[in-house]
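Below: the structure, in C-alpha cells.
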Amino acid sequence: MLSSQEVRLALEEPLSQIVDAIKSTLDKTPPELASDIMDRGIMLAGGGALLHRLDERVRTETEMPVHIAESPLTCVAVGSGRSLEEFDVLHRQASLARNHRARRRV
C-alpha cells in the first residue's frame, strides 16, 4: 500500500521537471507569441493534466493563466490524428519556417 504522501514525493521531481520545461519554453518564446499566451493562457492536455492541482502549480510558477483541456485524455490522441491527416501541410510549414530562420541568420 502506498500513502498519498509517498505518491506526492514520488511525483515531485517529474512535476518539477515539467514546470521547469514550461518555464524554459516560455523564456525562448518570441514576444508576440508570449503575449498571446499571457492573454489566452497555457492549455494542459493529456493524462498529466488531471493531476490534482497541477494547473494551480503551473499558474503560480509561471504567473500565467492555465486551463485544463475539456477532454485531456482524448484530445492528445485526436489532435495527433488530425496532425497526421494534415502531415503534408505541417511538413511544408515546417520547411518554410526553417528556411525563414536560415535567411535571418545570414
Side-chain angles (χ1 to χ4, degrees):
M1 295 293 285
L2 285 175
S3 70
S4 58
Q5 178 63 20
E6 290 171 316
V7 173
R8 272 193 296 279
L9 286 172
L11 289 175
E12 179 54 36
E13 185 178 342
L15 289 177
S16 290
Q17 291 173 344
I18 290 168
V19 171
D20 288 345
I22 291 169
K23 290 172 18 178
S24 174
T25 301
L26 289 170
D27 286 343
K28 298 173 189 171
T29 302
E32 61 277 3
L33 181 55
S35 173
D36 287 345
I37 296 170
M38 191 62 143
D39 291 342
R40 295 178 180 209
I42 297 168
M43 182 67 68
L44 300 178
L50 297 174
L51 288 171
H52 185 63
R53 295 189 186 162
L54 177 61
D55 57 331
E56 293 173 24
R57 181 170 178 175
V58 173
R59 184 179 304 113
T60 299
E61 294 201 30
T62 63
E63 299 179 351
M64 292 194 170
V66 176
H67 312 283
I68 297 174
E70 187 175 320
S71 255
L73 292 174
T74 58
C75 69
V76 173
V78 170
S80 297
R82 288 183 184 165
S83 294
L84 288 173
E85 291 171 0
E86 300 293 331
F87 183 78
D88 291 337
V89 173
L90 292 171
H91 187 267
R92 279 193 304 264
Q93 288 176 338
S95 294
L96 288 171
R98 278 192 302 273
N99 291 339
H100 180 71
R101 284 192 304 269
R103 280 185 290 221
R104 283 193 308 178
R105 281 186 243 156
V106 175

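Residues: numbered from 1 along the sequence shown.
- Side-chain polar atoms of Arg98 and Ser95 form a donor-acceptor pair below 3.5 angstrom.
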Take Gln5 and Leu9 through the test side-chain contact (heavy atoms from CB on, under 4.5 Å) and record every step on the way to the result.
CA-CA 6 Å; Gln5 178 63 20; Leu9 286 172; 3.8 Å; yes

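- Using modelled atom types, no side-chain atom of Ser71 and backbone atom of Thr74 make a donor-acceptor pair closer than 3.5 Å.
- For the atom pair CD1 of Ile22 and OG1 of Thr62, the computed distance is 7.0 Å after rounding to the nearest 0.5 Å.
- Taken from CG in Leu15 to CZ in Arg8, the straight-line distance is 12.0 Å, to the nearest 0.5 Å.
- Linking Ile, Leu, Val, Met, Phe, Trp and Tyr whenever their side-chain heavy atoms come within less than 4.5 Å puts Leu51 and Leu2 in one cluster.
- Distance NZ/Lys28 to CG/Leu33: 14.5 Å, rounded to 0.5 Å.
- To the nearest 0.5 Å, the span separating CG on Leu50 from CG on Leu73 amounts to 5.0 Å.
- In this structure, Ser83 contributes its side chain and Gly79 its backbone to a donor-acceptor pair below 3.5 Å.
- At least one donor-acceptor pair closer than 3.5 Å links the side chain of Arg59 to the backbone N or O of Val66.
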Before you tell me yes or no, could you show the steps for Val89 and Arg92 under side-chain contact (heavy atoms from CB on, under 4.5 Å), namely the whole-Å CA-CA distance, both residues' side-chain angles and the distance that decides it to 0.1 Å?
CA-CA 5 Å; Val89 173; Arg92 279 193 304 264; 3.4 Å; yes

Could you walk me through whether Leu26 and Ile42 pass the side-chain contact (heavy atoms from CB on, under 4.5 Å) check?
CA-CA 10 Å; Leu26 289 170; Ile42 297 168; 4.1 Å; yes

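- Within 6.0 Å of CD in Glu70 there are 12 or fewer heavy atoms belonging to other residues, nucleotides or ligands.
- Residues Gly46 and Val76 come closest through the heavy atom pair N-CG2, 3.6 Å.
- Applying the 6.0 Å contact sphere to CD of Glu63 captures no more than 12 heavy atoms from other residues, nucleotides or ligands.
- Annotation: the span from Asp55 atom CG to Ile68 atom CD1 amounts to 4.0 Å, rounded to 0.5 Å.
- Note that CG of Asp88 is 8.5 Å distant from CD of Glu86, once rounded to the nearest 0.5 Å.
- No chain of hydrophobic side-chain contacts below 4.5 Å, direct or via other Ile, Leu, Val, Met, Phe, Trp or Tyr residues, connects Ile37 to Met43.
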Test side-chain hydrogen bond (donor to acceptor under 3.5 Å, both in side chains) on Arg57 and Ser16; report intermediate values, then the result.
CA-CA 10 Å; Arg57 181 170 178 175; Ser16 290; 3.0 Å; yes

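- For the pair His67 (side chain) and Arg40 (backbone), a donor-acceptor distance under 3.5 Å is present.
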